[in-house]
Amino acid sequence: MVARGSGAEEAPPPAQQRLVFAYYITGHGFGHATRALEVVRHLISAGHDVHVVTAAPEFVFTTEIDSPSLHIRRVLLDCGAVQADALTVDRLASLEKYHQTAVVPREAILRTEVEWLHSIKADLVVSDVVPVACRAAADAGIRSVCVTNFSWDFIYAEYVVAAGNHHRSIVWQIAEDYSHCEFLLRLPGYCPMPAFRDVIDVPLVVRRLHKSRSEVRKELGIAEDVKVVIFNFGGQPAGWKLKKEWLPDGWLCLVCGASDTQELPPNYVKLAKDAYTPDLMAASDCMLGKIGYGTVSEALAYKLPFVFVRRDYFNEEPFLRNMLEHYQCGIEMIRRDLLTGHWKPYLLRALTLKPCYDRPINGGEVAAHILQDTAVGKKYISGKLSGARRLRDAIVLGYQLQRAPGRDVGIPEWYSLSEKEIGVRPAVAPASRRINGSAESSFEDFEILHGDMQGLTDTMAFLTSLSGLVGNDPRIPEKQSRERTAASVLFDLQEDIYVARAPGRLDVMGGIADYSGSLVLQMPIREACHVAIQRSDPIKQKLWKHTQARQLANGAVPILQIVSFGSELSNRAPTFDMDLSDFMDGDKPISYEKAKEYFSQDPSQKWAAYVAGTVLVLMTELGVQFTDSMSILVSSSVPEGKGVSSSASVEVATMSAIAAVYGLNIAPRDLAILCQKVENHIVGAPCGVMDQMTSACGEANKLLAMVCQPAEVKELVSIPTHIRFWGLDSGIRHSVGGTDYGSVRVGTYMGRKMIKCAASDLISQSFPSTPTQSCDASEEYEKYGVDLLKSEASLQYLCNLPPHRYEAAYARDIPEFITGDEFMEKYGDHNDAVTVIDPKRSYSVKAPTRHPIYENFRVEAFKALLTAAKTDEQLSALGELMYQCHYSYNACGLGSDGTDRLVNLVQEIQHRKTTSQHEGPSLFGAKITGGGSGGSVCVIGKNSLKSSEEIFEIQKRYKAATGYLPIVFEGSSPGAGKFGYLKIRWRSA
């Protein structure tokens, strides 16, 4: 369908070549259409024809551009992100819809678009940011340019982590399509977009104003002195019933996108569907809405304070949020406060902001000029280190924007550029300060009333960081991060603060076999999580303003306030608060299932389940009653998504701190099991217990040897002085909550059920009737090993089945794959309390069943070899066991390109020829760790200078191949049990 306006906006310059542009706009939301509108307007004003390919309503364009040079073709060629509501993206549905929209009909789309581009005689293809448009342009022999602040390969990469790597071909294809684009016109607040060969930065693209503030207010009948908030969520979702008392007295709220049947209180004004939002924004005093390029760019351009609520699972948001806050234009509202109407403190705080965006806002004009020059053959080369910027492997598996707080690690080029442009601060602000011109802060500012720092430099740094909070002025947000602003008013320094510490862990051997009862060998790493906690009377607790407002409404009830450092580089809120009464159902704690639902309501705050979930577990399992309020600060140097148990360290450190402040005597092993309940039942991640056990029970420079049946520490094995272990991070995010980890666990439990049923069948075949007590019957009993079969028929842990028994009796009957419904029809349940079978899914069974049986044997052999003679043969044997484990993970479907590359680099270095006959290898083996599907690898080698140099060489070679410099984990530290806790108090002046 083609629509044309009736009259030209401007006559084209007579001497200028009339060009034809094909402008493709993504099907995700109106924001892309409204910004493309500005570029299109300038192109048409310059005398060119523009064919817009979009699924957006025509009025978005025709109300602004009345020209025969505008042609609109209504076609949907991608789907963007599928939104369950205004704030929630359905990741799996997004991938599936994209597959149906753009992958299944791909060949037909390409044929149609190539034919159409030829038919209109297009001089240039512009895309915002439809992937297939770039490929169609290439097939048609036409140059193409993208204009955007994000690309769908980056957005979908995180969805693949959650939905399963079987979807990653979508991301590969999108990235390949974008690679046909000549260059990218990159808008401020941009995400990493490594698929594009070259980049040119342009200013903000924003819609122009048509009317003044006073004109708009006059039309709406609103006096100049009335405070106005514009409510802008891209369409009023059903069920959001707005209430009069949610606004401060005397305020009015302009509601965008309300339905025709929506009834609003008298202090709310329903706007027309086609109302021109920029004019309304400029006439308002602040805006309440969700972050998107359109809302952020126009709030910045027109210096409108923006109270925003996070969207779930949309990766562009952290970059736009950082830009918004850097220019003092944004305040975050917690979703719970949005839905329950606690708006007043946020709106009043917004009026105190002084937005200060002072950069150009003529991006539409600049982009149109570049596009016009490109269409006539001009070459644009930015010279911005394109090759290093592209991060080839990282785009596909979702390079996550996280670095360990306080660590000097390599930051990819694209983030350095973003940091420079928008002034993003490090995850942990410098822990130095001056008060009245006096000396800098120090851990010595605190008096230690109990415990010992044990010489741990990270603990000293954490206390120094706590000290640095003193003197922070929360009224000057531009001088510090939001998380430090919140933390600066968290504690009463006249009262005691308790500090606990729990390290991450490096999975040396055992890994996913833990939930099958294997022996595992785990090393607590140097990186750790620190948690500071203070207990206080609800009346005396220092509260944030929005929490105060809620307490005024509900009375002085115990409140839990949490600040998490390190949120700025990830899309999660830095603070969380709740009434502890929310954990009660009458006089009993709520169920774990209800708690899981509670924390899942707002994914940007789902991280709080790891912290606050420990409170509910203590209430449920130990009957602890929490009548006081708690303030908790979490600061972790264990990086997330690297496969080194960042979640376990948070859980263990938090529960240890709570136990300390409440005087609970919980043994480290028991505490670890309690923390596993947090992860399994409240967070919903089906992990085993080895992570929490290592974090709680580990000791420095020792491997925790533990039999996971369910959690029995066998011994602490000293690491021989000639052996060293390293962890190398692949840059590919790992998640035990991901689909692949869960499906492998389901397959493992299916295999166990099949073996038990097969053993029962063998018993029945051996004794069709009840055996007699005769000697012959006894001999028959022994002949068929019925006792052995009986033990296998009641097998509780798969690792108790020796490899020879598996091969002799069961291996040939275990299928490679089975569908969920086929399994349930034949075997019933798989008897795993933390996973659920999807009837429609096909599960790998043979490899997940075989892995823990053989892994337990490998771990036993590894442990025995550690005490063997100190020879290269010993190290070679240890390394071989690690390699076997790695490839067994791959067979289960838990490998990744990045971890395979690291293991291959270790092998290359191990087996390369040396110039000296007497000089052998120093690295001997490597394996993927933990839950697999990315994360880190563990490397074994000699404790020597040469091995350290070779690890550094692997880092450099990996970065040269992928653009990502791996974090190296080396060194060890004590578990939470050995550390104990610190009780500290600020030294008075």
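FYI, side chains are in, hydrogens and waters are out, and symmetry mates aren't considered; it's all heavy atoms of this structure. Values in this document were obtained by computation on a predicted structure and should not be read as measured data.
Checking side-chain atoms of Tyr156 against main-chain N and O of Arg91 turns up no donor-acceptor pair under 3.5 Å. Side-chain atoms of Lys753 do not come within 3.5 Å of backbone N or O of Asn831 as any donor-acceptor pair. Not one N or O on the side chain of Asp579 forms a donor-acceptor pair closer than 3.5 Å with the backbone of Ser581. Here the side chain of Thr899 pairs no donor or acceptor atom with the backbone of Ile928 at under 3.5 angstrom. The backbone N or O of Pro848 lies less than 3.5 Å from a partner atom in the side chain of Thr748, making a donor-acceptor pair. With hydrogens and angles ignored, the 3.5 Å screen pairs a side-chain donor or acceptor of Arg669 with a backbone N or O of Ala711. At least one donor-acceptor pair closer than 3.5 Å links the side chain of Ser760 to the backbone N or O of Lys756. Looking only at distances, a side-chain donor or acceptor of Ser636 sits under 3.5 Å from a matching main-chain atom of Val638.
With a 4.5 Å cut-off on side-chain heavy atoms, Ile170 and His99 count as touching. Side-chain contact between Glu651 and Gln676 is absent, with no heavy atoms from C-beta onward closer than 4.5 Å. Counting heavy atoms from C-beta on, the side chains of Met754 and Pro815 come closer than 4.5 Å. The closest side-chain heavy-atom distance from Phe583 to Pro589 is not below 4.5 Å. Contact of the Leu580 side chain with the Val615 side chain is registered, since non-hydrogen atoms from C-beta on lie closer than 4.5 Å. Looking only at side-chain heavy atoms (C-beta outward), Lys594 and Asp585 come within less than 4.5 Å of each other. Using a 4.5 Å heavy-atom threshold, the side chains of Ser730 and Arg901 count as separate. Put simply, the side chain of Val689 does not reach to within 4.5 Å of the side chain of Tyr515, judged on heavy atoms.
Using modelled atom types, one finds no donor on one side chain facing an acceptor on the other under 3.5 Å when comparing Ser649 with Ser646. Side-chain N/O atoms of His830 and Thr835 include a donor and acceptor closer than 3.5 Å. A donor-acceptor contact closer than 3.5 angstrom links the side chains of Ser647 and Glu679.
One finds the CG atom of Leu798 at 9.0 Å from the CG atom of Asn800 (value rounded to the nearest 0.5 Å). The distance from atom OG of Ser516 to atom OH of Tyr797, rounded to the nearest 0.5 Å, is 10.0 Å. If you take CZ on Arg858 and CD on Gln884, they are separated by 6.0 Å, rounding to the nearest 0.5 Å. Note: Lys596 NZ to Asn680 CG = 10.0 Å, rounded to the nearest 0.5 Å. Going from atom CG of Leu894 over to atom OG of Ser888 covers 9.5 Å, rounded to the nearest 0.5 Å. The structure places OG1 of Thr620 at 10.0 Å from CG of Leu674, a figure rounded to the nearest 0.5 Å.
Residue-environment remark: CD (Gln625) stays at or below the threshold of 12 foreign heavy atoms within 6.0 Å. Gln796 CD: 12 or fewer foreign heavy atoms inside a 6.0 Å radius.
Contact detail for Ala595 and Ile682: the closest heavy-atom pair is CB-CG2, 4.2 Å. Nearest heavy-atom pair, Asp691 versus Ala648, reported as atom, atom and distance to 0.1 Å: CB-CB, 3.6 Å. The shortest heavy-atom contact between Leu616 and Tyr592 is CD2-CD2, 4.0 Å. For the residue pair Ala847 and Cys892, the shortest heavy atom distance occurs at O-SG, 3.5 Å. Among all heavy-atom pairs drawn from Thr101 and Pro105, the shortest one is O-CG, 3.2 Å. For Gln709 against Gly517, the heavy-atom pair with the smallest separation is NE2-O, 2.9 Å.
Taking Arg745 as the reference, Asp832 meet the side-chain hydrogen bond (donor to acceptor under 3.5 Å, both in side chains) condition, with sequence neighbours excluded. For Asp582, the side-chain hydrogen bond (donor to acceptor under 3.5 Å, both in side chains) partners at least two apart in sequence or on another chain are Tyr598. Taking the side-chain hydrogen bond (donor to acceptor under 3.5 Å, both in side chains) definition, one finds that Gln601 meets it with nothing, sequence neighbours left out.
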Evaluation steps, side chain to side chain contact (heavy atoms under 4.5 Å, CB included), between Cys799 and Ile853: CA-CA 5 Å; Cys799 288; Ile853 294 170; over 6 Å; no
message: One pair to check against side chain to side chain contact (heavy atoms under 4.5 Å, CB included): Arg106 and Gln173. What are the steps and the verdict?
response: CA-CA 11 Å; Arg106 178 176 174 81; Gln173 185 65 70; 2.9 Å; yes
- prompt: Where do Ile755 and Ile814 land on the side chain to side chain contact (heavy atoms under 4.5 Å, CB included) test, with the steps shown first?
  reply: CA-CA 8 Å; Ile755 287 171; Ile814 301 294; 4.0 Å; yes
- prompt: When you look at Ile562 and Trp607, which way does the side chain to side chain contact (heavy atoms under 4.5 Å, CB included) test go after all the steps?
  reply: CA-CA 11 Å; Ile562 307 170; Trp607 62 266; 3.8 Å; yes
Residues 506-513 side chain polar contacts: donor-acceptor under 3.5 Å, at least two apart:
| residue | atom | partner | partner atom | Å |
| --- | --- | --- | --- | --- |
| Asp507 | OD1 | Gly511 | N | 3.1 |
| Asp507 | OD1 | Gln522 | NE2 | 2.8 |
| Asp507 | OD2 | Gly511 | N | 3.4 |
| Asp507 | OD2 | Lys927 | NZ | 3.1 |
| Asp507 | OD2 | Gly930 | N | 2.8 |

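Identified under the salt bridge (Lys or Arg N to Asp or Glu O under 4.0 Å) test for residues 800-829, with sequence neighbours left out: Glu792-Arg805, Glu807-Arg850. Screening residues 831-865 for ring pair (Phe, Tyr, Trp, His ring centres under 6.0 Å) gives His851-Tyr889 as the qualifying pairs, with residues at least two apart or on separate chains.
Between Phe576 and Phe599, the angle of the ring planes lies from 30° to 60°, which puts this pair in the tilted group.
Aromatic pair Tyr810/Tyr806: ring centres not closer than 6.0 Å.
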